[in-house]
Chemist: 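Sharing a structure here in structure tokens format.
Along the sequence shown, residues are numbered consecutively beginning with 1. When a ligand or atom number is given, it counts from 1 through the structure's own listing order.
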Amino acid sequence: MSKGKLQKFAEMETFSNVFQFPYSAMEGVTFEMRGRWREDYFHNQNPIVLELGCGKGEYTVGLAKLYPEVNFIGVDIKGARMHTGAKQALDEGLSNAAFLRTNIEIIDRFFAPGEVQEIWLTFSDPQMKNPRKRLSSTSFMERYRHFLADGGIIHLKTDSNFLFTYTTYMVERNRLPLLFRTEDLYHTDGIDPETRKILSIQTYYEAQWIDRGLNIRYMKFRLPHSGTLEEPDVEIPLDEYRSYKRTKRSGLSTSK
Ligand SMILES: C[S@@+](CC[C@H](N)C(=O)[O-])C[C@H]1O[C@@H](n2cnc3c(N)ncnc32)[C@H](O)[C@@H]1O
């Protein structure tokens with residue numbers, strides 16, 4: 001591990017806004033703030049919004065600045081990336097932003113039923129070959145149901161035609177209420193100023209995909225608790241650009 005990463009990890013141990021519980025540390029352990037994030041950490045009764053796969057946490061930090069009356073928690077397994085957002089939140093005194101380093105597969109161990117109001121999926125890996133790892137698959141929706149309020153909102157912002165098309169079919173097949181959907185966010189008219197402000201927050205990956213000339217897609221839908229969820233049975237064209245290898249010119253590894 002590089003010296004820079006080691007230093008970031010050491011610093012993260014001292015950050016009061018970071019909780020680190022990877023899968024390996026969770027065997028037989030119950031997260032003690034489950035059901036008590038508001039009381040024990042945020043010290044308020046405001047809603048809680050998660051950014052899953054937050055990377056450097058641009059949405060967690062950006063939304064926390066825009067909405068001081070809402071609590072935001074960025075979740076990712078990669079600590080070196082999370083360090084950026086966690087440090088920024090501390091430096092800027094954002095008491096409504098926190099970070100949880102864990103595997104999203106066990107996310108329901110950290111939040112009690114109804115404890116979370118909304119989820120953001122920002123530039124999630126499309127996992128074209130592995131639907132069980134896809135953060136908008138029905139198996140993850142089932143996990144989210146354990147702690148997301150009934151009818152809670154899920155936002156998906158992505159460059160990936162594959163992930164966006166898959167999620168559209170998943171929403172249709174399960175009749176989840178669709179609130180908004182655009183295949184080309186930055187060339188869509190009629191988006192209200194408040195939504196535009198939220199959607200203009202750009203993540204690390206988003207900036208790189210925009211540089212490559214890709215459309216940014218966005219949808220939001222509700223996830224009710226009732227009804228059995230079924231996987232859509234559809235063939236979706238793969239995102240060809242994701243099989244490109246890292247080049248000196250692009251500097252972007254797309255095989256992720
Ligand atoms: C493509 S990056 C996007 C990061 C950030 N949202 C952005 O837009 O720049 C996907 C992130 O999701 C995280 N991730 C993917 N699957 C995960 C899982 N099952 N558990 C925890 N983190 C996961 C990865 O570690 C990575 O940081």
Chemist: Supply the atom-to-atom distance I73 CD1 to I48 CD1, rounded to the nearest 0.5 angstrom.
Modeler: 5.0 Å
Chemist: For ligand 1 and T203, I'd like to know whether there is a polar contact (N/O to N/O, distance under 3.5 Å).
Modeler: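 By distance alone, the answer is yes.
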Chemist: Show the atoms of ligand 1 that are less than 4.0 angstrom away from any heavy atom in T122.
Modeler: 3 (C), 5 (C), 6 (N), 8 (O)
Chemist: Do you know which of L121, T122, I107 makes side-chain contact (heavy atoms from CB on, under 4.5 Å) with L135?
Modeler: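 Among L121, T122, I107, the one meeting side-chain contact (heavy atoms from CB on, under 4.5 Å) with L135 is L121.
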Chemist: Is the closest N or O pair between D76 and ligand 1 shorter than 3.5 Å?
Modeler: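 Indeed, backbone or side chain, D76 has an N or O that close.
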Chemist: Would you mind finding which of D125, L52, I106, I104 brings a heavy atom closest to atom 15 (C) of ligand 1?
Modeler: D125
Chemist: Both conditions, 6.0 Å and 45 degrees, for the charged tip of R173 above the ring of Y169: are they met here?
Modeler: no
Chemist: Establish, for the pair R134 and Y166, whether the NZ or CZ atom is under 6.0 angstrom from the six-membered ring centre and no further than 45 degrees off its axis.
Modeler: yes
Chemist: Need the ligand 1 atom indices (1-based, order shown) with element for anything under 4.0 Å from a heavy-atom of N103.
Modeler: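 Ligand 1 atoms under the 4.0 Å threshold to N103: 20 (N).
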Chemist: Residue-level breakdown please: for R81 versus ligand 1, do any non-hydrogen atoms fall below 4.0 Å on the side chain, on the backbone, on both, or on neither?
Modeler: side chain
Chemist: Would you say the rings of H83 and F15 are close, in the sense that their centroids are separated by under 6.0 Å?
Modeler: yes
Chemist: Below 4.0 Å from any atom of ligand 1, is there a heavy atom belonging to T102?
Modeler: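 Right, T102 reaches ligand 1.
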Chemist: In this structure, does ligand 1 have an atom that sits under 4.0 Å from one of the heavy atoms of C54?
Modeler: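 Heavy atoms of C54 do come under 4.0 Å of ligand 1.
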Chemist: Will you find, in the side chains of D184 and T188, an N or O donor that is under 3.5 Å from an N or O acceptor?
Modeler: no
Chemist: Which atoms of ligand 1 have any heavy atom of I77 under 4.0 Å away?
Modeler: 21 (C), 22 (N), 25 (O)
Chemist: With a 6.0 Å cut-off on the ring centroids, do F111 and F147 count as close?
Modeler: yes
Chemist: With respect to E105, determine whether any N or O atom, backbone or side chain, lies less than 3.5 Å from an N or O atom of ligand 1.
Modeler: yes
Chemist: If hydrogens are left out, which of W209, F123, Y204 has an atom nearest to atom 1 (C) of ligand 1, that is, the closest non-hydrogen atom?
Modeler: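 Looking at heavy atoms only, the winner is F123.
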Chemist: Hydrogens and angles aside, do T182 and R217 bring a side-chain donor and acceptor to less than 3.5 Å of each other?
Modeler: no
Chemist: If we only count N/O pairs under 3.5 Å, is E206 in contact with ligand 1?
Modeler: no
